[in-house]
Amino acid sequence: MAEYNSLEKIRLQKLEDLRAEGIEAYPTRAKRTHLSSEAIAEFEEKEKDGIEVKATLAGRIRAMRAMGKISFAHIEDGAGKVQLFFRANEIGKENLDFFNRMFDIGDFIQAEGVMFRTKTGEVTLHVHDFKLLAKSISPLPAAKDETLEDGTVLRHAALEDPELRARQRYADLAVNPGVRETFRKRAAIVRALQNFLDDHGFLEVETPILQPIYGGAAARPFMTHHNELEQDMYLRISFELYLKRLLVGNLEKVYEIGRDFRNEGVSFKHNPEFTQLEFYWAYADYLQVMELTEQMVSHVAQKVLGTQKITYKGNAIDLTPPWRRLEMRQGILETSGIDIAEHKTAGELFKAIREKHPEKTPDPNATRGKLIDYLLSEFLEPTLIQPTFLHDYPRDISPLAKSIPGDSLTVERFEGYVAGFELCNAFTELNDPLDQEQRFIEMGRDYAADDEEKHPMDEDYLRAMRYGMPPNGGFGMGVDRLAMLLLDKHSIREVLLFPALRKED
RNA sequence: GGGCGCGUAGCUCAACGGCAGAGCAGUGGCCUUUUAAGCCAUUGGUUCAGAGUUCGAAUCUCUGCGCGCUCACCA
């Protein structure tokens with residue numbers, strides 16, 4: 001049972017008063033002839049000819065100013081804000097009082113009248129009739145907007161508490177127009193990705209989220225149970241193995257945009273469920289995927305933002321292709337002074353790091369691949385502000401990627417970095433079923449010590465691969481991260497409508 | 001999971017060991033072109049929860065809860 005605060009009790013009393021007057025606070029039907037922007041535009045067009053513009057508007061009350069025998073209000077609808085003007089002359093003293101007494105900020109209202117321009121020049125609806133569409137009981141944490149001389153809008157008492165904004169996203173959206181804009185743009189980003197891939201001959205598919213076995217990445221899964229089948233199921237941690245099964249089925253270019261689930265830590269760039277884009281492209285290799293990637297990302301920026309030059313955390317970033325290519329070995333050498341090619345075992349590499357950088361403390365038990373990863377994140381990653389494809393990765397941290405011909409320690413893999421963080425990950429996919437089986441076995445050994453991250457053998461995937469899989473290039477990108485990058489948001493929570501939070505109470 | 005920080009009115013914040021306050025919102029009044037409208041009056045608090053120290057706790061200590069930052073984890 002809800003407990004009401006004093007402000008809510010006042011509004012509940014208003015509901016009772018309305019009922020006593022026979023007025024429905026939540027009527028079934030509404031009427032609207034114009035969006036706010038349409039009514040304003042039509043008025044401005046016909047103003048010089050003196051043609052009257054009648055309009056019925058509907059929206060949510062954002063501000064009210066009662067001034068004796070007149071009242072002003074601002075309502076907001078899907079297109080923006082517009083001012084309402086009520087005057088006793090037209091609607092009568094009784095109706096004006098009724099509006100002032102019974103309506104609150106946050107209520108939905110329908111108002112019919114004629115557009116005009118006030119003394120101060122604002123295009124406004126002169127209301128002749130109005131109707132309550134839905135009463136708001138809990139006061140929205142509404143801000144007040146002050147428009148300064150230079151036209152900038154200053155917000156007062158805006159809803160800012162990050163917890164409240166995430167927990168009550170409905171209130172955040174209702175009160176902070178910029179948040180609505182963020183999610184419109186996020187939708188546009190996803191649509192632009194789909195259009196781009198569709199136009200390049202890729203087929204959008206949907207593969208299982210509930211899986212009998214998980215794979216395609218190294219992450220702890222969420223587990224669940226199917227009662228009738230009497231078996232445990234996992235929420236997918238990647239799409240990879242299912243999408244590559246489709247290549248076996250002669251679907252040559254496939255992609256999926258959907259949700260992945262990883263039972264791991266939460267941070268400014270990690271949410272337990274996140275949106276991933278993966279595509280697989282038969283007969284292509286990682287170099288072709290690289291080219292498609294830079295075209296795709298710059299295309300999305302152009303579509304959504306109208307430019308390929310963006311700003312992230314104050315850094316000017318140019319997404320225009322071609323992006324810089326940097327061999328990982330070279331990048332690590334330049335930033336850390338260590339040539340990983342000269343240290344072919346974990347022990348040697350560990351020693352080299354300790355000698356060159358005594359202040360650093362890598363894990364002495366790490367594999368060579370993990371140590372390279374360490375060098376990458378400690379030295380190289382922070383320098384990769386402009387878009388960069390870092391390529392050619394150690395084999396032992398890339399179990400699903402194909403080796404470079406003639407170099408068994410290195411695989412054809414790249415990661416795209418922008419603004420210092422990893423945006424995407426791609427490689428020439430391993431399509432040799434016997435090699436793949438061997439890698440699964442190795443992974444099982446590597447992870448045996450850590451029971452939580454056991455890497456299961458996917459027998460059905462191997463069976464598919466034995467039918468024959470064309471050589472192909474694969475690609476994965478966090479769509480939330482792309483949205484963060486393009487929208488200059490510095491936490492994944494800002495681009496997720498309902499980010500994961502601990503339950504209340 | 002570790003470290004650091006935060007939690008005060010519906011919202012934004014002050015008070016930092018001595019009467020819990022302001023602006024906005026709300027309520028009542030005045031006001032026929034306002035726009036953070038203005039003016040007058042006024043309501044509103046388990047200071048996140050619990051325990052402790054103290055003559056006295058929003059303030060200091062401990063525990064718990066939630067959030068933020070950060071580290072670890074995340075091939």
Side-chain angles (χ1 to χ4, degrees), chain A residues 4-11 13-14 62-74 81 83-90 93 96 101 104-106 116-122 124 126 136-148 153-167 171 175 216-220 237-238 260 262-272 274 363 366-367 369-370 372-373 376-377 393-401 411 413 415 422 425 427 439 442-443 446-447 450 452-453 455 478 490-491 493 499 501-505:
Chain A
Y4 295 106
N5 66 36
S6 58
L7 298 178
E8 290 166 332
K9 283 175 185 157
I10 289 165
R11 295 199 186 183
Q13 183 58 50
K14 292 184 185 180
R62 286 293 306 274
M64 293 174 68
R65 293 178 293 279
M67 307 181 50
K69 298 203 176 51
I70 60 168
S71 283
F72 290 92
H74 269 100
K81 281 201 261 187
Q83 184 169 249
L84 305 183
F85 175 60
F86 301 79
R87 194 165 64 165
N89 301 29
E90 287 79 29
K93 178 85 168 67
L96 184 69
R101 205 172 71 249
D104 290 290
I105 291 171
F116 79 114
R117 195 179 284 277
T118 64
K119 261 184 193 167
T120 52
E122 180 164 350
T124 298
H126 194 146
S136 158
I137 293 170
S138 301
L140 280 170
K144 280 203 162 188
D145 294 340
E146 179 180 11
T147 309
L148 300 175
V153 175
L154 194 65
R155 306 214 85 199
H156 298 273
L159 175 63
E160 282 172 351
D161 176 33
E163 179 179 358
L164 198 60
R165 286 188 49 224
R167 246 184 234 293
V175 140
R220 287 203 297 270
I237 59 172
S238 86
D260 271 346
R262 297 188 183 177
N263 203 341
E264 288 167 350
V266 178
S267 81
F268 75 96
K269 55 179 178 177
H270 295 91
N271 195 66
F274 61 99
D363 176 4
T367 62
K370 287 270 191 184
I372 292 172
D373 211 35
L376 170 62
S377 53
Y393 277 63
R395 178 182 187 272
D396 68 330
I397 56 170
S398 314
L400 297 161
V411 294
R413 171 180 173 185
E415 292 188 333
E422 180 196 333
N425 181 18
F427 29 89
R439 304 267 195 117
E442 284 173 27
M443 291 304 293
D446 284 354
Y447 287 92
D450 184 352
E452 285 185 299
E453 262 189 34
H455 207 80
H490 307 156
S491 165
R493 282 182 300 273
L501 292 170
R502 227 175 282 268
K503 72 175 181 212
E504 291 178 275
D505 302 328

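Reminder, nothing fancy here: chain letters follow the sequence lines and each chain counts from 1. The structure displayed is predicted, hence computed values, not measured ones.
Remark: A/I10 CD1 to A/N5 CG distance equals 9.0 Å, nearest 0.5 Å. Atom OG1 in A/T124 sits 4.0 Å away from atom CD in A/Q83 (nearest 0.5 Å). Taking CD of A/E122 as the start and NZ of A/K81 as the end, the distance is 9.5 Å to the nearest 0.5 Å. To the nearest 0.5 Å, the span separating CZ on A/R62 from NE2 on A/H74 amounts to 10.0 Å. Remark: A/D104 CG to A/M64 CE distance equals 6.5 Å, nearest 0.5 Å. Here the CZ atom belonging to A/R395 is positioned 4.0 Å from the CZ atom belonging to A/R439, to the nearest 0.5 angstrom.
Under the Watson-Crick or G-U wobble criterion, with both distances below 3.5 Å, B/G26 is paired with B/U42. Here B/G50 sits opposite B/C62 as a Watson-Crick or G-U wobble pair (both hydrogen-bonding atom distances under 3.5 Å). Base pairing of B/C69 is made with B/G3, judged by Watson-Crick or G-U wobble geometry with both donor-acceptor distances under 3.5 Å. Nucleotide B/A36 is matched to nothing when pairs are restricted to Watson-Crick or G-U wobble geometry with both distances under 3.5 angstrom.
Under the 3.5 Å distance criterion, the side-chain polar atoms of A/R101 are left unmatched by any main-chain donor or acceptor of A/K14. The backbone N or O of A/E264 lies less than 3.5 Å from no partner atom in the side chain of A/R220, so there is not a single donor-acceptor pair. Formation of a donor-acceptor pair under 3.5 Å by the A/R11 side chain with backbone atoms of A/S136 is found in this model.
When every heavy atom of A/P272 is checked against every heavy atom of A/V266, the shortest pair comes out as CD-CG2, 3.9 Å. Minimum heavy-atom separation, A/I237 to A/D260: O-OD2, 3.3 Å. The minimum heavy-atom distance between A/R262 and A/S238, with the atom names listed, is NH2-CB, 4.3 Å. A/G265 and A/H270 make their closest contact through O-CB, 3.6 Å (heavy atoms, listed as atom of the first residue, atom of the second, distance).
OP1 or OP2 of B/G66 lies within a sub-4.0 Å distance of a side-chain N or O belonging to A/R502. Dashed line: the shortest gap from a side-chain N or O of A/R220 to OP1 or OP2 of B/C74 is not under 4.0 Å. Of the side-chain N and O atoms in A/K370, one or more sit less than 4.0 angstrom from OP1 or OP2 of B/C74.
Counting to the nearest Å, the C1' atom of B/U43 and the CD atom of A/Q13 are 16 Å from each other. The CG-P distance, from A/L164 to B/C13, rounds to 12 Å in whole Å. The separation between A/L140 atom CG and B/G10 atom P is 15 Å, rounded to whole Å. Remark: C1' of B/C11 and CG of A/D161 are 10 Å apart, rounded to the nearest angstrom. Atom CG of A/L96 and atom P of B/U34 are 16 Å apart (whole Å). Atom-to-atom, CG of A/N5 to C1' of B/G44 comes out at 9 Å; the value is rounded to the nearest Å. If you take CG of A/L376 and P of B/C74, they are 14 Å apart, rounded to a whole angstrom. Between the C1' atom of B/A75 and the CZ atom of A/R262 lies a distance of 10 Å, rounded to the nearest Å.
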Base, backbone or nothing for each nucleotide of nucleotides 23-33 of chain B, written B, S, -, heavy atoms under 4.0 angstrom, 5' to 3'?
BSSSS---BBB
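B/C6 and B/C55: their P atoms are spaced 27 Å apart (whole Å). Between the P atoms of B/A9 and B/C48, the separation comes to 8 Å (whole Å). Going from the C1' atom of B/G28 to that of B/G18 covers 35 Å, rounded to whole Å. Taking the C1' atoms as reference points, B/U54 lies 13 Å from B/U59, given to the whole Å. The same atom, C1', is picked in B/U53 and in B/G3; the two are 27 Å apart, to the nearest Å. A distance of about 24 Å separates the P atoms of B/U42 and B/U47, rounded to the whole Å. Across the P atoms, B/G50 and B/A57 are found 15 Å apart, a figure rounded to whole Å. Separating the C1' atom of B/C60 from that of B/C16 is a span of 10 Å, rounded to the nearest Å.
Residues passing the side chain to side chain contact (heavy atoms under 4.5 Å, CB included) test with A/H126, sequence neighbours excluded: A/F85, A/R87, A/E90, A/F116, A/H128. Under the side chain to side chain donor-acceptor pair (under 3.5 Å) criterion, A/T118 pairs with A/T120, sequence neighbours left out.
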Using the rule given for side-chain hydrogen bond (donor to acceptor under 3.5 Å, both in side chains), can you reason through A/R493 versus A/N271, listing the C-alpha separation, both sets of side-chain angles and the distance that settles it, and then say yes or no?
CA-CA 8 Å; A/R493 282 182 300 273; A/N271 195 66; over 6 Å; no
Could you walk me through whether A/Y4 and A/I137 pass the side-chain contact (heavy atoms from CB on, under 4.5 Å) test, one step at a time?
CA-CA 9 Å; A/Y4 295 106; A/I137 293 170; 4.3 Å; yes
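Of the candidates B/U34, B/A75, B/C11, B/C11 carries the atom nearest the A/P141 side chain, counting heavy atoms from C-beta on. The nucleotide whose nearest atom lies closest to any side-chain atom of A/R65 is, among B/G66, B/A37, B/C74, B/A37. Here the side chain of A/E264 is nearest to one of B/C67, B/C74, B/A75, namely B/C74.
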Contact list (N/O, under 3.5 angstrom) for nucleotides 14-16 of chain B vs protein:
none

Which protein N or O atoms sit under 3.5 Å from an N or O of nucleotides 6-9 of chain B?
none

Pull out every protein N or O sitting under 3.5 Å from an N or O of nucleotides 68-71 of chain B, one pair per line with the distance.
from: B/G68; atom 1: OP1; to: A/R493; atom 2: NE; distance (Å): 3.1
from: B/G68; atom 1: OP1; to: A/R493; atom 2: NH1; distance (Å): 3.3
from: B/C69; atom 1: OP1; to: A/R493; atom 2: NH2; distance (Å): 3.3
from: B/C69; atom 1: OP2; to: A/R493; atom 2: NH2; distance (Å): 3.1

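Each of A/D145 and A/E415 lies near RNA chain B, and the nucleotide nearest A/D145 is the one positioned closer to the 5' end.
Note on A/R395: nothing from the nucleic acid sits closer than 4.0 angstrom, heavy atoms only. Using a 4.0 Å heavy-atom criterion, one finds that A/E160 contacts the sugar-phosphate atoms exclusively.
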